[in-house]
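Structure, as structure tokens:
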Amino acid sequence: MFDAVFDENWKRTVYCGNATEDHIEKKVVINGWVRKRRDLGGIIFLEIWDHTGLVQVVINPETSESVHERAKQLRSEYVVAIKGVVKKRPAGTENPSLKTGNVEIIADDLMVLSPSTLPPFDLNEASAIDENIRLKYRYLDLRREVMQRNLRLRSKAANYTRTFLTDAGFVEVETPMLTKSTPEGARDYLVPSRVNPGKFYALPQSPQIFKQILMISGLDRYFQIVKCFRDEDLRADRQPEFTQIDIEMSFLTEEDIFELIEDYMKGLFRETIGVEIQTPFPRLSYSEAMERFGSDKPDLRIPFEIVDLKAVFQGRGIRAFEVGERGAIKGFVLPGGASLSRQEMSTIEGKAKELGAKGLAYFQLGNELKGPMVKFLDEDGKKLVIEKSQLFQGNALFVMADQDRNKVCEVLGQLRLEVARKYDLIEKGKWAFLWVVDFPLFEWSETENRYVSVHHPFTSPKNEDLYLLESEPWKVRSRAYDIVLNGNEVGGGSIRIHDPKVQESVFKALGLDEVEAKNRFGFLLSALSYGTPPHGGIALGFDRLVMLLAGAKSIRDVIAFPKTQKAQCLLSGAPSYVDERQLEELHIKVTATDEEEG
């Protein structure tokens, strides 16, 4: 039965999902996998699948007894070739959920090309299967319609990207995968060099230095759909290896980047999922985003934001609200929150404490203002609370106070997302784009006891803040920008430093002396001294962008062979131990293993 010889006579004449009423009464050959077999007391019904979809095949013993006997032995995921005639389904048996639901193939010959062992899970029910099992048998998981659709959407997005950027005058250039380690930010993946004992390459976290050198080289407009690597803790939207659309331009300002990317997004959404998005995208400064939304990637689909209530509560003798001059009192109004029970309100308060709040006050407005803190307010105070917070009847107000203003913003920002998800308040079907601009150039690192770059050390300071680099570096704003979609950062970039003296000042503020800067970035600093055009660019997270286009919950659902949150490939078993001889060739000695550490 299984000694099949696949030749020209058995090659498909139509894909499974393309068999339509146009093929009725025509002889066809299909090739594919058996997704289901149903034996209804003589007549056998098969669902045969390929990447285009399913088609029903009917095997009647009256048509061919030998074919019917062979069909009895078929099981799920057998690979078959079937010859037959396309017929219209009998009235009442149509399946409107299938493209091929109005037809069926009456088989007159069958060949088994490859049998299958019993699959570890039912592909028709795979969405309910533990993800680790699906990742171990990824070759089966990828046969599911949703995964086929996601990968084809990814391909379509990549093709559109190349066409769009090429038409806009960009040149695609490949940059090295084996490069120099320049520790700044996430950890590098290191690759030992056999021919240079004791020395290591690093896999690139991004092509940052090389794309800047391409601008110095006069290339003018560069792009690359490129793999990048970061050795960091993982979550749903992170992978140790990920793909980004890398873009760099010369002689530009921020407006050139904004216009280019907005045009790109508009075309991408139209061509891939048929959605028209509105441009230009709104813009918020980093400080405004943090004050109003508690996040540098705010989700604008949520119909409420954070408001400042310090003028309402400060100085009223309420101990919990005495936060001093530098502290903050902020809150947000939850639509429909007046109907929540005391238990539900307490649960939200508990979540705020989990996120770092010392406490969370709340008020509910029905016929009157209610809540544990109401007793501390006179009538004027109650009116002020309602007026300043825009607390309408039927809603609830949550208020947090702390001497650390940043903590108040960040906790309320996370809580805003939590309650919006819990009470289904995120507007569906909306694509909310946003540019966040004017990020700080530096942030203080407690672990390193110095300032570090918020983005990277080649980001240009805003011209009007240059004078602060030496005296008050924490006040310097950068010419960096992020593009945000539905609360996800889908890209980030900046105008780069093209003046060697400014670059030197930034390195100084970062605590890098001339020797260390030269050791880490010497080849870029040398290139900068040979006439550098003003330049800048952006990197778009391709995996995350496709995830949003596909409506998936994780970037693992749009990557063919992803890693787990432990950075493991369950399909191949990577990472794995290697032969001792390989280690000797690389002059490496392993001093610990998982077993020893455990």
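What you see below is based on every heavy atom in this structure, not just the backbone, and it leaves out hydrogens, waters and symmetry mates.
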Exercise. Checking N486 side chain against A432 main chain: does a donor-acceptor pair fall under 3.5 Å?
Worked result: yes

Exercise. Is the shortest heavy-atom distance from the side chain of L512 to the side chain of R520 under 4.5 Å?
Worked result: yes

Problem set entry | Least distance between heavy atoms, L252 atom then G536 atom | CD2-N, 3.2 Å

For this session: Give the C-alpha distance, both sets of side-chain angles, the deciding distance and a yes or no for side-chain hydrogen bond (donor to acceptor under 3.5 Å, both in side chains) between Y362 and Q364.
Result: CA-CA 7 Å; Y362 61 83; Q364 293 171 293; over 6 Å; no

For this session: Might you point out which heavy atoms bring K330 and V408 nearest each other, and give the distance in Å?
Result: CB-CG1, 3.8 Å

For this session: Would you indicate whether the side-chain heavy atoms of F242 and I555 approach each other to under 4.5 Å?
Result: no

Problem set entry | Passing option when D424 is tested against K422, K428, R421 for side chain to side chain donor-acceptor pair (under 3.5 Å) | K428

Exercise. Does V558 offer a backbone N or O that forms a donor-acceptor pair with the side chain of R154 under 3.5 Å?
Worked result: yes

Exercise. Going from SG on C409 to CG on D402, what distance comes out if it is rounded to the nearest 0.5 angstrom?
Worked result: 10.5 Å

Exercise. Do we see a donor-acceptor contact under 3.5 Å between the side chains of Q208 and Q212?
Worked result: yes

Exercise. Ion pair present between K462 and D438, side-chain N to carboxylate O less than 4.0 angstrom?
Worked result: yes

Exercise. Is the side chain of R326 donor-acceptor paired with the backbone N or O of Q403 at a distance under 3.5 Å, no angle test?
Worked result: no

Exercise. If we only count heavy atoms from C-beta on, is the I483 to M265 side-chain gap below 4.5 Å?
Worked result: yes

Problem set entry | M290 side, atom CE; E410 side, atom CD - distance, nearest 0.5 Å | 5.0 Å

Problem set entry | Any side-chain heavy-atom pair of C228 and P207 under 4.5 Å | yes

Exercise. Between R416 and E305, does a salt bridge (Lys or Arg N to Asp or Glu O under 4.0 Å) hold up when you go through it step by step?
Worked result: CA-CA 8 Å; R416 172 178 176 265; E305 57 186 70; over 6 Å; no

For this session: Before giving the answer on side chain to side chain contact (heavy atoms under 4.5 Å, CB included), spell out for V146 and R149 the whole-Å C-alpha distance, their side-chain angles and the decisive distance to 0.1 Å.
Result: CA-CA 5 Å; V146 64; R149 185 174 66 244; 3.3 Å; yes

For this session: Please round to the nearest 0.5 Å and tell me the distance separating atom CG of D188 and atom CG of L203.
Result: 8.5 Å

Exercise. Is any side-chain heavy atom of S478 closer than 4.5 Å to a side-chain heavy atom of F442?
Worked result: no

Exercise. Hey, is the main chain of L260 close enough, under 3.5 Å, to the side chain of D263 for a donor-acceptor pair?
Worked result: no

Exercise. Do any N or O atoms from the side chain of Q503 and from the backbone of P457 form a donor-acceptor pair under 3.5 angstrom?
Worked result: yes

Problem set entry | Any S453 side-chain heavy atom under 4.5 Å of T459 side chain | no

Exercise. Can you name the nearest heavy-atom pair linking P440 to Y286, along with the distance?
Worked result: CD-CD2, 3.5 Å

Problem set entry | Point-to-point distance, once rounded to the nearest 0.5 Å, from CD1 of I538 to CZ of F258 | 8.0 Å

Exercise. Are K383 and E387 close enough for a salt bridge, meaning some N to O gap below 4.0 Å?
Worked result: no

Exercise. Is there side-chain contact between Q343 and T347, with at least one heavy-atom pair below 4.5 Å?
Worked result: yes

Problem set entry | From CA spacing to verdict: side chain to side chain contact (heavy atoms under 4.5 Å, CB included), F458, I209 | CA-CA 9 Å; F458 315 112; I209 292 178; 3.9 Å; yes

Problem set entry | Short side-chain to backbone donor-acceptor contact, Q239 and K563, under 3.5 Å | yes

Seminar exercise, completed: For G413 and I306 the tightest heavy-atom approach is N-CD1, 3.8 Å

Exercise. Between D141 and R134, is the closest basic N to carboxylate O distance under 4.0 Å?
Worked result: yes

Exercise. Does K382 pair with E379 as a salt bridge, N-O distance under 4.0 Å?
Worked result: yes

Exercise. Is there a donor-acceptor contact under 3.5 Å from the side chain of K297 to the main chain of V490?
Worked result: no

Problem set entry | Atom pair CG/CG of L434 and L284 - distance to nearest 0.5 Å | 5.0 Å

Exercise. Can you tell me if Q224 and T175 form a side-chain donor-acceptor pair at under 3.5 Å?
Worked result: yes

Problem set entry | Pair E354 + K351, salt bridge at N-O below 4.0 Å | yes

Problem set entry | Ion pair R283/E255, N-O distance below 4.0 Å | yes

Exercise. Hey, is the main chain of F229 close enough, under 3.5 Å, to the side chain of Q205 for a donor-acceptor pair?
Worked result: no

Seminar exercise, completed: Here the pair of heavy atoms bringing I329 nearest to A401 is CG1-CB, 3.9 Å

Exercise. Checking side chain to side chain contact (heavy atoms under 4.5 Å, CB included) for the pair M345/F398: CA distance, chi angles, key distance, verdict?
Worked result: CA-CA 9 Å; M345 300 296 278; F398 295 92; 3.6 Å; yes

For this session: State whether R544 and E489 are salt-bridged, where the test is any N-O pair (Lys NZ or Arg NE/NH1/NH2 against Asp/Glu carboxylate O) under 4.0 Å.
Result: no

For this session: Just say parallel, tilted or perpendicular for the rings of F439 and H455, cut-offs at 30° and 60°.
Result: perpendicular

Problem set entry | Sidechain N-carboxylate O distance under 4.0 Å for D308, R405 | yes

Exercise. Can you tell me how far CG of L549 sits from CG of N150, rounded to the nearest 0.5 angstrom?
Worked result: 10.5 Å

For this session: Measure the shortest side-chain to side-chain distance between L153 and I273 over non-hydrogen atoms and say whether it is less than 4.5 angstrom.
Result: yes

Problem set entry | Ionic contact status for D299 with R301, cut-off 4.0 Å | yes

Exercise. Using 30° and 60° as the class limits, which term best fits the ring planes of W444 and Y451: parallel, tilted or perpendicular?
Worked result: perpendicular

For this session: Indicate yes or no: does R187 engage E232 in a salt bridge with an N to O separation below 4.0 Å.
Result: no

For this session: Check the pair Y481 / I261 against side chain to side chain contact (heavy atoms under 4.5 Å, CB included), numbers first and verdict last.
Result: CA-CA 12 Å; Y481 33 80; I261 298 304; over 6 Å; no

For this session: Answer yes or no: is there a donor N or O on one side and an acceptor on the other, between the side chain of K310 and the main chain of G327, under 3.5 Å?
Result: yes

Problem set entry | Minimum-distance pair of heavy atoms, taken over all atoms of V452 and S445 | CG1-CB, 3.9 Å

